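Inspection log for the structure reproduced underneath, given as structure tokens.
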There are 2 protein chains.
Amino acid sequence: MRLVIARCSVDYAGRLSAHLPLATRLLLVKADGSVLVHSDGGSYKPLNWMSPPARLTVAPAGEDAAEGVVETWTVRNLKSDDRLVVSVHEVLHDSSHELGVDPGLVKDGVEAHLQELLAEHIGTLGDGYRLVRREYPTAIGPVDILARDGGGGAIAVEIKRRGDIDGVEQLTRYLELLNRDPQLRPVAGVFAAQEIKPQARTLATDRGIRCVTLDYDALRGMDDVSARLF
Amino acid sequence: MRLVIARCSVDYAGRLSAHLPLATRLLLVKADGSVLVHSDGGSYKPLNWMSPPARLTVAPAGEDAAEGVVETWTVRNLKSDDRLVVSVHEVLHDSSHELGVDPGLVKDGVEAHLQELLAEHIGTLGDGYRLVRREYPTAIGPVDILARDGGGGAIAVEIKRRGDIDGVEQLTRYLELLNRDPQLRPVAGVFAAQEIKPQARTLATDRGIRCVTLDYDALRGMDDVSARLF
DNA sequence: CCATTCATTTCGAGT
DNA sequence: ACTCGAAGTGAATGG
């Protein structure tokens with residue numbers, strides 16, 4: 001990994017065109033040839049970049065030396081024809097470092113986990129609810145959860161972290177299919193998410209689908225309690 | 001901006017939990033307190049990070065000194081209660097740099113531009129086509145383009161950079177609404193994108209919606225030509 | 001300021 | 001290899 005602090009301007013040409021005026025920035029060159037151009041603020045997203053696999057070539061200034069350019073970096077993607085051109089005016093820092101391969105990130109608490117928790121505590125949807133199965137298969141893909149309510153009626157549950165209109169459309173398609181099955185019919189729908197967009201709620205309600213807001217911490221808390229009982 | 005190359009392990013607790021085992025990485029501390037943890041590969045996305053506004057506090061090793069920890073960095077987000085904890089085992093490089101404010105990126109060639117270009121060259125959809133208006137309003141949101149074909153029939157165009165099933169669903173909803181308007185009825189649909197997924201194409205065709213693949217460079221080229229005429 | 005939509009999205013899982 | 005959906009999505013734009 002090479003770290004360069006430089007006064008530079010940057011041009012990108014690929015799926016779109018973009019330009020960065022002259023300023024002091026961090027140029028980060030990774031082992032796979034990818035380059036990140038970072039400013040001293042903003043988010044984790046660079047101002048501009050070239051994705052791997054890429055190749056960096058450095059050329060001394062040509063005609064643009066008159067404009068103060070010291071050297072020109074050209075970063076070419078090896079699979080597409082995207083190009084990133086960095087016009088370096090002044091190098092303030094330049095160092096290289098051996099990092100080795102990274103063991104990678106371990107995550108916990110995403111949608112899959114939400115589904116697990118709700119399946120485990122399906123009773124939070126109503127008294128007498130019981131789980132039939134998670135990932136209940138249909139012709140167009142698996143429904144997140146199939147359950148039965150206290151009266152034995154079938155319930156199809158679609159789970160999202162953020163519930164928007166697409167999720168309601170998806171659940172609607174599942175319900176249409178499931179309601180053709182005499183073993184299940186009639187199947188009611190539940191749209192469960194940590195956060196449900198108003199538009200999605202309106203559409204769901206209009207179609208007779210119940211909306212449920214999930215509290216991840218509460219579900220996880222119930223988990224802890226039940227864990228303590230053992 | 002502070003650049004640190006260090007052997008470290010990292011833990012994040014916030015909307016999810018994540019852990020990075022001990023390895024050598026770049027720790028990038030920005031002026032707004034945000035921290036990025038980068039490996040020597042992958043894309044522009046850091047392995048882990050803390051978004052601004054954030055505050056970094058560094059503490060000498062405590063009980064964990066026995067495990068080889070030299071110092072512990074705690075990065076707290078000032079608006080949420082997200083925390084990033086970096087256990088530093090060895091510092092291989094440490095430098096700070098003044099960058100100043102960045103003038104920011106200038107973009108050109110995104111979806112808005114595609115819509116502009118297609119509206120300008122609506123004739124590429126067929127002989128005699130003419131533009132009624134861009135962002136034609138409906139009760140559930142604006143249609144990208146409303147046009148008339150050579151015979152005077154209304155055409156609703158949905159534009160995407162990448163056309164997938166969601167875009168077809170969206171256009172379907174627009175068409176359903178527009179076809180209730182006696183001034184417009186019957187309204188035909190055109191799904192236009194730089195790249196159309198097979199599934200989306202199938203669904204669109206099934207619903208009588210025409211699919212058109214847009215060539216951005218060609219549209220831009222036509223633009224250049226017409227520009228040269230003036 | 002909230003809500004929706006786009007993104008050089010990136011990333012991972014499943015087929 | 002390809003497709004599809006999720007993301008600690010982030011960022012811009014319109015109401």
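We name chains A, B, ... by the order of the sequence lines, and we start the count at 1 in each one. Please read these numbers as outputs of a predicted model, since none were measured by experiment.
- Residue A:K197 has its side chain nearest to C:dT4 when only D:dG5, C:dA7, C:dT4 are considered.
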Interface polar pairs with nucleotides 10-14 of chain D, N/O, under 3.5 angstrom:
unit_1	atom_1	unit_2	atom_2	d
D:dG10	O3'	A:S43	OG	3.1
D:dA11	OP1	A:S43	OG	2.4

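- Remark: A:R2 CZ is packed, more than 12 non-hydrogen atoms of other residues, nucleotides or ligands lying under 6.0 Å away.
- Residues satisfying the side-chain contact (heavy atoms from CB on, under 4.5 Å) test with B:K45, not counting sequence neighbours, are A:Y44, B:S43, B:W49.
- Looking at the side chain of B:M50, the nearest of the listed nucleotides D:dG8, C:dA7, D:dT9 is D:dG8.
- Sorted by first then second residue, the salt bridge (charged side-chain N to carboxylate O under 4.0 Å, His left out) pairs that include residues 27-40 of chain A, not counting sequence neighbours, number zero.
- For DNA chain C, if you chain together Watson-Crick or G-U pairs that step i with j, i+1 with j-1 and so on, the runs of at least three with distances under 3.5 Å are C:1-7 with D:9-15, C:9-15 with D:1-7.
- The salt bridge (charged side-chain N to carboxylate O under 4.0 Å, His left out) pairs that include a residue from residues 187-207 of chain B are B:E169-B:R207, where partners are two or more places apart or lie in different chains.
- Listed by chain and number, the residues in a side-chain contact (heavy atoms from CB on, under 4.5 Å) with B:V132 are B:L146, B:R148 (sequence neighbours excluded).
- Mapped onto DNA chain D by nearest heavy atom, B:N77 and B:I165 fall at different nucleotides, with B:I165 at the one closer to the 5' end.
- By the side-chain hydrogen bond (donor to acceptor under 3.5 Å, both in side chains) test, B:T74 is found to be paired with no residue, residues two or more places apart in sequence or in another chain being considered.
- Taking A:A147 as the reference, A:I122, A:I145, A:I155 meet the side-chain contact (heavy atoms from CB on, under 4.5 Å) condition, with sequence neighbours excluded.
- Taking A:D11 as the reference, A:H19 meet the side-chain hydrogen bond (donor to acceptor under 3.5 Å, both in side chains) condition, with sequence neighbours excluded.
- Distance from the side chain of A:K160 is smallest to D:dG5 among D:dT9, D:dG8, D:dG5.
- Partners of B:Y129 according to the side-chain hydrogen bond (donor to acceptor under 3.5 Å, both in side chains) rule, which considers only residues two or more places apart in sequence or in another chain, are B:R210.
- Distances from the side chain of B:D82 to the nucleotides D:dG8, D:dT9, C:dA7 place D:dG8 closest.
- Here ring pair (Phe, Tyr, Trp, His ring centres under 6.0 Å) pairs that include residues 189-220 of chain B, with residues two or more places apart or in two chains, are B:H113-B:Y216.
- Atom CZ of B:R83 has 12 or fewer neighbouring heavy atoms from other residues, nucleotides or ligands inside a 6.0 Å radius.
- Taking every heavy atom of residues 17-26 of chain A and every atom of DNA chain C, no pair lies under 4.0 Å.
- Rounded to an integer number of Å, the gap from A:D166 CG to D:dG5 P is 9 Å.
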